[in-house]
Structure formats: C-alpha cells, structure tokens
Amino acid sequence: MTERSLLMIPGPIEFEPAVLRAMAVKTPSHVSPEFVEVFGETLGQLREVFLSSDGQPFVVAGSGTLAMDMAATSLIEPGDPVLVVNTGYFSDRFAAICGRYGAQVDQIKAEVGDVPSPDKVEAELKKKRYRFLVATHVDTSTGVAVDVETIGHLARDNGALSVVDGVCALAGMAFRQDEWAIDVCLTASQKALGVPPGLAVLMLSPRAMDVLRGRRSAVATYYANLSNWLPVMEAYEARRPHYFGTPPVNLIYALHESVRQILAEGMEARFRRHRILSRAFQAAMGGLGLKLVPLSPARMAHTMSAVYYPDGVDSALLGKIRAAGVMVAGGIHPRIADRYFRVGHMGAVTPGDILTTVGAIEQALLALGYEFEPGAGLAAAQRGLGQL
Ligand code: PMP
C-alpha cells in the first residue's frame with residue numbers, strides 16, 4: 001500500500017512544503033530577538049489577512065475550539081443574551097460554549113443545507129437587546145456559507161457585537177472584517193491559513209476590545225482569558241518579549257511563512273481562486289448527478305463541499321476514493337451523517353488537486369456500479385477551471 005495520497009478533507013489540509021520546512025528550525029528561545037521579530041511581524045500581517053486595519057490579533061497554542069472558548073469566556077458575562085445563527089454542528093458547539101459561560105442563548109435554526117434569512121435574524125434582534133450575534137461563516141458539517149457581511153451590519157445596527165467562527169473560511173472565503181463590521185473573527189491554523197493544527201487565532205475589533213476591558217465580572221477561566229494574552233501580543237508586536245504561557249515557537253515560524261505566501265498571492269486573488277476552484281468542484285458533482293447539501297449555489301462555501309451519496313451508494317464510497325489515492329471525509333451533521341461526504345478545497349489547493357479528486361470520485365462511483373457517463377464530472381470541472 002503506497003503512502004502517497006492527496007488529503008482533501010476540510011482540515012487539516014495539504015500544506016505548502018515551504019511552510020513545513022519553516023517549522024523544522026532548531027527551536028529558538030521564545031524570548032530570543034529572532035523569534036520576537038518573527039512573531040511580531042506575523043501578528044501585524046494577520047491584520048492584512050483579516051482585512052482589519054485596527055483589530056487586535058491573538059495567536060495562542062490550541063485548536064479552533066480553544067479560539068471559540070477564548071472569545072466566549074472572555075467576552076460573555078453571566079446572563080448576557082446571545083443569539084446564534086445556527087447552520088449546523090459547529091454552530092451547535094458555539095451555542096453550547098456560550099451557554100457554558102452563563103449566556104442566555106437563543107438560536108435561529110435553518111433546515112439542513114439552508115441559512116436563516118436575514119429578515120428572521122433582524123426580527124429576532126428587534127425582540128430582545130442581544131449583546132452578541134454569533135454565526136459560523138462556513139459550517140464544516142454542511143458546507144453552507146453564511147453571508148457574514150449582513151450579520152456584521154445587523155449586529156452593529158442593533159447594538160450587538162458580531163462574533164464569527166471563521167475556522168473553515170478565513171483566508172479562503174472573502175472576508176473583510178472592517179468593511180463588514182465584524183467584531184470578533186476566530187480561526188484555527190489547519191484550514192485555509194495553511195499551517196499544521198495547533199494554533200488558535202483571533203482578531204478583535206476595537207469595540208470588542210472595549211467590551212473585554214469593561215467587564216464587570218472576573219473571567220472564569222485562566223488559560224483562555226484573552227486579557228492574560230493581550231500584554232503578550234502587544235509586547236511582541238512592539239518587538240519586545242513577554243511571557244504568559246510558552247508560545248508554540250515552531251508553529252509560529254510556519255504561520256509566518258504561510259502568511260507571507262498568502263499576502264504574496266494577495267487577498268483578492270486568493271478569494272477569487274477559492275471561488276473558482278470550489279465552483280469547478282461543485283459543477284463536477286452536478287455533472288455526475290450528485291446533489292450538494294447546501295440548498296442553492298449561493299449558499300455553497302468556497303473552501304469545502306458537502307455532497308450526498310447518490311441512490312444505491314453509501315459510505316463504502318470513502319474507501320474506494322481512498323483506494324484511488326484521495327482522502328475525503330465522511331458526514332458529521334447528526335441528521336444526515338451517513339448520507340453524505342465532505343471534501344475540503346482550500347489553502348494550497350491546485351486545479352490539479354480538484355481534477356485528481358473528481359477523477360478519484362468517478363473511479364469510486366464506477367467501482368460501486370453507479371451509472372453515469374465517465375468523464376462527465378471531469379469535463380464540468382475543466383470548464384469551471386477555465387475561468388482561472
Ligand atoms: N468551527 C468550525 C467551523 C470548524 O470547522 C472546526 C473544526 N473542524 C472548529 C470550529 C473546531 O476547530 P478545532 O477542531 O481546531 O478545535
């Protein structure tokens with residue numbers, strides 16, 4: 001059995017070799033001038049990735065769930081009303097975390113594959129004075145993208161802080177923190193940021209920082225308290241070391257290289273590439289007669305796709321795709337978990353990766369006796385990729 005395979009799950013993704021090589025340095029002291037420079041420069045450049053001119057970046061050792069935990073524990077005070085725009089498994093998680101820190105959580109849920117309408121969200125915001133409006137930019141369980149620009153403006157117009165889980169979106173889907181009035185955006189390293197798992201990354205607007213500074217009650221947690229990390233982030237950006245917990249030095253070297261590559265590509269070019277590659281993949285699934293979980297193209301993410309198995313095919317498809325050299329993921333949304341599979345196409349993904357994945361899916365479908373015109377998916381993908 002060959003060790004070669006293409007990792008096309010919705011994170012961790014295939015990483016650029018230069019990013020992996022950047023990690024393989026002899027670990028310097030976390031207070032050495034060379035590391036202070038690397039970390040400080042990376043923090044500043046993250047603003048360009050989030051398109052935030054005056055946000056406060058945080059980079060802490062942990063996964064995306066820690067970033068959610070940090071936002072919730074640091075900003076929510078017991079009794080705060082929170083409205084969650086729920087589009088799946090990871091919205092459920094965010095609602096649970098907010099509840100854990102004492103928020104009164106209300107949720108607007110949509111059917112699987114759908115997004116609550118902005119009118120509904122606005123009507124809900126008018127009923128109660130919510131402190132936070134929470135949304136998942138791309139819910140990795142459904143491949144559904146929320147229009148977080150509208151979420152940001154609705155929150156701002158109704159006196160709430162907007163909090164966006166950008167774990168499966170940031171640095172892939174178009175996102176403009178300033179322009180869209182998003183107060184908190186958080187992510188994890190292993191997705192479109194293109195760095196191995198282990199970094200929780202957040203960007204807080206000045207309004208969110210005011211809420212953090214103006215808290216009335218003590219933060220219930222220690223490691224996850226953003227106030228404990230703020231002096232560290234401020235110091236490194238000012239090119240001074242400061243200690244709270246030892247930073248994951250080698251991962252930050254990797255982040256430094258990945259952010260350099262992201263900015264060299266340019267955010268607009270990156271958003272466009274993700275859009276074209278995802279549309280090509282989604283068109284390929286259509287060409288094979290497969291249905292996507294999002295109910296309409298406008299709701300489909302640009303970083304991943306969730307695809308229903310066709311009639312007569314089940315999760316055996318995953319093993320067959322793997323046998324053709326590509327790893328994709330099974331379903332996780334509790335209502336449809338055994339009826340669909342998920343494919344990540346973000347970060348360093350290339351047109352060749354899209355074609356390889358579509359080709360592997362075709363091979364797997366053929367092996368399982370599904371009837372279709374071989375090459376129909378590849379042809380649709382090729383047409384889409386022609387727009388690059
Ligand atoms: N939110 C979303 C949208 C995610 O996709 C994930 C991870 N798949 C998380 C949160 C949690 O991130 P992690 O697994 O890094 O804790």
Side-chain angles (χ1 to χ4, degrees), residues 7-15 50 58-73 82 84-100 107 109-110 112-113 115 132 134-148 151 162-175 182 184-203 221 223-224 248 251 254-255 258 274 278 293-294 299-306 327-334 337 340-347 349:
L7 186 60
M8 294 292 284
I9 65 173
I13 62 165
E14 289 282 337
F15 301 117
F50 283 74
F58 293 86
V59 176
V60 174
S63 78
T65 307
L66 176 74
M68 299 162 88
D69 220 30
M70 293 181 95
T73 190
V82 172
V84 175
V85 177
N86 190 318
T87 45
Y89 179 98
F90 288 102
S91 310
D92 287 346
R93 175 173 295 190
F94 221 158
I97 293 173
C98 294
R100 186 67 189 77
Q107 301 197 56
K109 297 194 178 186
V112 174
V115 175
F132 301 95
V134 175
T136 312
H137 195 169
V138 171
D139 199 297
T140 320
S141 66
T142 55
V144 162
V146 168
D147 169 7
V148 288
I151 293 290
S162 54
V163 180
V164 169
D165 171 352
V167 172
C168 195
L170 190 97
M173 295 284 297
F175 179 78
I182 305 296
V184 179
C185 180
L186 59 90
T187 190
S189 50
Q190 75 272 19
K191 310 246 180 183
L193 264 185
V195 177
L199 294 177
V201 180
L202 302 97
M203 186 71 72
T221 53
Y223 184 80
L251 276 176
L255 180 65
S258 192
H274 277 81
S278 63
V293 174
R299 290 172 176 71
M300 290 175 195
H302 301 167
T303 45
M304 63 160 294
S305 299
M327 288 270 293
V328 300
I332 54 166
H333 192 294
Y340 76 111
F341 66 103
R342 299 173 304 139
V343 176
H345 33 72
M346 61 187 126
V349 62

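For the numbers below, each heavy atom of this structure counts, side chains included, while hydrogens, waters and symmetry mates do not. For ligands, and for the atoms within them, numbers begin at 1 and follow the listed sequence. This structure is a prediction, so every number in the text was calculated from the model and none was measured.
- Between Pro294 and Ala306, the shortest heavy-atom distance links the atoms CD-O, 4.0 Å.
- Side-chain contact annotation: Thr65 with Arg93, donor-acceptor N/O pair under 3.5 Å present.
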Do any nitrogen or oxygen atoms of ligand 1 lie under 3.5 Å from a protein nitrogen or oxygen, and which ones?
{"from": "ligand 1", "atom 1": "1 (N)", "to": "Asp165", "atom 2": "OD1", "distance (Å)": "3.3"}
{"from": "ligand 1", "atom 1": "1 (N)", "to": "Asp165", "atom 2": "OD2", "distance (Å)": "2.6"}
{"from": "ligand 1", "atom 1": "5 (O)", "to": "Thr140", "atom 2": "OG1", "distance (Å)": "2.3"}
{"from": "ligand 1", "atom 1": "5 (O)", "to": "Lys191", "atom 2": "NZ", "distance (Å)": "3.2"}
{"from": "ligand 1", "atom 1": "8 (N)", "to": "Lys191", "atom 2": "NZ", "distance (Å)": "2.8"}
{"from": "ligand 1", "atom 1": "15 (O)", "to": "Gly64", "atom 2": "N", "distance (Å)": "2.7"}
{"from": "ligand 1", "atom 1": "15 (O)", "to": "Gln190", "atom 2": "NE2", "distance (Å)": "2.9"}
{"from": "ligand 1", "atom 1": "16 (O)", "to": "Ser63", "atom 2": "OG", "distance (Å)": "2.6"}
{"from": "ligand 1", "atom 1": "16 (O)", "to": "Gly64", "atom 2": "N", "distance (Å)": "3.3"}
{"from": "ligand 1", "atom 1": "16 (O)", "to": "Thr65", "atom 2": "N", "distance (Å)": "2.8"}
{"from": "ligand 1", "atom 1": "16 (O)", "to": "Thr65", "atom 2": "OG1", "distance (Å)": "2.5"}

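- More than 12 heavy atoms of other residues, nucleotides or ligands shown are found within 6.0 angstrom of OH on Tyr223.
- A donor-acceptor distance shorter than 3.5 angstrom exists from the side chain of Tyr340 to the backbone of Ser141, with no hydrogens or angles considered.
- Not one N or O on the side chain of Ser91 forms a donor-acceptor pair closer than 3.5 Å with the backbone of Asn86.
- Using cut-offs of 30° and 60° for the angle between ring planes, the Phe175 and His137 rings count as tilted.
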